[in-house]
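Each remark here refers to the structure printed beneath this line.
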Amino acid sequence: CFIIAPSSQPASLVVARRLHMVRTFGKHAHVFDSTFYTKVAVASFALGAAMEGFMIKTGFYDKVLHIEAERRYNAAKSSEQGS
């Protein structure tokens, strides 16, 4: 990434400065505190609960259960005919 030019400085100092440049490259980026992450976690939980409630209300899980039972029934039926 970085081109290291010959220098009269010790190599360890040059490397330390390059690492500092890499670490502070996004200096203007906002550092989030714990309250931000708490808000994100609560919002994610609420959104997930709303999605689950919607799927239960619309009968999504009943439909999936029916399709899976039918698939297993057909697989068992075809394996009996094959034996």
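- By the salt bridge (charged side-chain N to carboxylate O under 4.0 Å, His left out) test, E70 is found to be paired with no residue, residues two or more places apart in sequence or in another chain being considered.
- Y73 forms part of no hydrophobic cluster, judged by ILVMFWY side-chain heavy-atom separations under 4.5 Å.
- Y61 forms part of a hydrophobic cluster together with M55, I56, F60, V64, judged by ILVMFWY side-chain heavy-atom separations under 4.5 Å.
- Rounding to the nearest 0.5 angstrom, the gap separating the CD1 atom in I67 from the CZ atom in R72 is 13.5 Å.
- Classification of E80 and K77 as a salt-bridged pair fails, no side-chain N sitting under 4.0 Å from a carboxylate O.
- Between S79 and A76, the shortest heavy-atom distance links the atoms OG-O, 2.9 Å.
- Listed by first then second residue, pairs satisfying ring pair (Phe, Tyr, Trp, His ring centres under 6.0 Å) with a partner in residues 33-58 read F32-F36, not counting sequence neighbours.
- Residues meeting the side chain to side chain donor-acceptor pair (under 3.5 Å) test with T35, sequence neighbours left out: D33.
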